[in-house]
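We count ligands from 1, going down the list as the structure has it; atoms in each ligand are counted the same way. Computed from heavy atoms alone, side chains included, the values below leave out hydrogens, waters and symmetry copies. Computed from a prediction, not measured in an experiment: that's the story for all the values here. Residue numbers start at 1 and run along the sequence shown.
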Amino acid sequence: MSDLSAVYQEMLAFFKPLWPGEDKPLVLGEGKADSPILMLIGEAPGETEVIKGRPFVGKAGKNLDEFLQLAGLKREEIFVSNVVKIRPTEKGPTGRTRNRAPNKEELSLFTPFLLKEIEAVAPRALVTLGNVPLKALTEGKITVGDCHGAWMNSRAGIPLFSLYHPASIIYRRALAPVYENDVMELARCLKEQAIPG
Ligand code: URA
């Protein structure tokens with residue numbers, strides 16, 4: 001059994017009894033699990049991801065495809081995952097179930113497993129999408145507005161490049177060129193083998 005399947009087995013065993021009576025399936029990471037050039041880390045799966053049991057499909061998958069195209073990468077060359085592996089939900093005003101940001105409990109339960117997952121996958125570099133994975137992987141109070149488009153150290157001991165979450169661009173159109181520039185800078189670093197560390 002690879003390290004990664006051992007980590008996932010441990011996660012499944014840990015989370016199965018945690019929320020009795022609630023249907024909270026785990027959406028695990030996927031892709032090149034053996035020392036890929038990049039591991040891309042999002043926040044948490046959404047509705048489509050849970051239905052398909054795969055990260056970054058549905059709307060987020062379209063964002064991922066755009067990222068890959070800009071960065072000159074193929075999905076099978078990288079590993080994609082999320083900090084929180086369940087879909088965090090709440091009831092909206094009309095009673096419909098909708099996504100919400102992961103809460104403190106979810107983040108503290110899932111972050112140690114994310115660190116084990118990163119260790120097992122052993123990517124050359126980490127790319128975080130938005131504040132949730134950035135905060136999980138850095139000690140300080142740094143936000144993506146402070147450090148997007150640049151390399152920094154991570155708690156996992158692997159260089160980290162932070163990007164805005166592509167979904168945030170839908171609400172803040174002015175971020176679209178910023179995000180594109182950041183991805184182009186990442187592409188340049190990959191091409192010129194200029195990843196620090
Ligand atoms: N879907 C994911 O898998 N991750 C995100 O961060 C957003 C949508």
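Atom CD of Glu77 has more than 12 heavy atoms from other residues, nucleotides or ligands within 6.0 Å.
Looking at residues two or more places apart in sequence or on another chain, you find no side-chain hydrogen bond (donor to acceptor under 3.5 Å, both in side chains) involving Glu66. When the side-chain hydrogen bond (donor to acceptor under 3.5 Å, both in side chains) test is applied to Lys191, no partner is found at least two apart in sequence or on another chain. When the ring pair (Phe, Tyr, Trp, His ring centres under 6.0 Å) test is applied to Phe161, the partners found at least two apart in sequence or on another chain are Trp151.
Note: the hydrophobic cluster containing Ile118 also contains Ile37 (ILVMFWY, side chain heavy atoms under 4.5 Å, direct or indirect links).
In this structure, Phe110 and Trp19 have parallel ring planes: the angle between them is below the 30° cut-off, well short of the 60° mark.
Contact residues for ligand 1 (protein heavy atom closer than 4.0 angstrom to any ligand atom): Gly42, Glu43, Ala44, Pro45, Glu49, Pro55, Phe56, Ala60, Asn82, His165.
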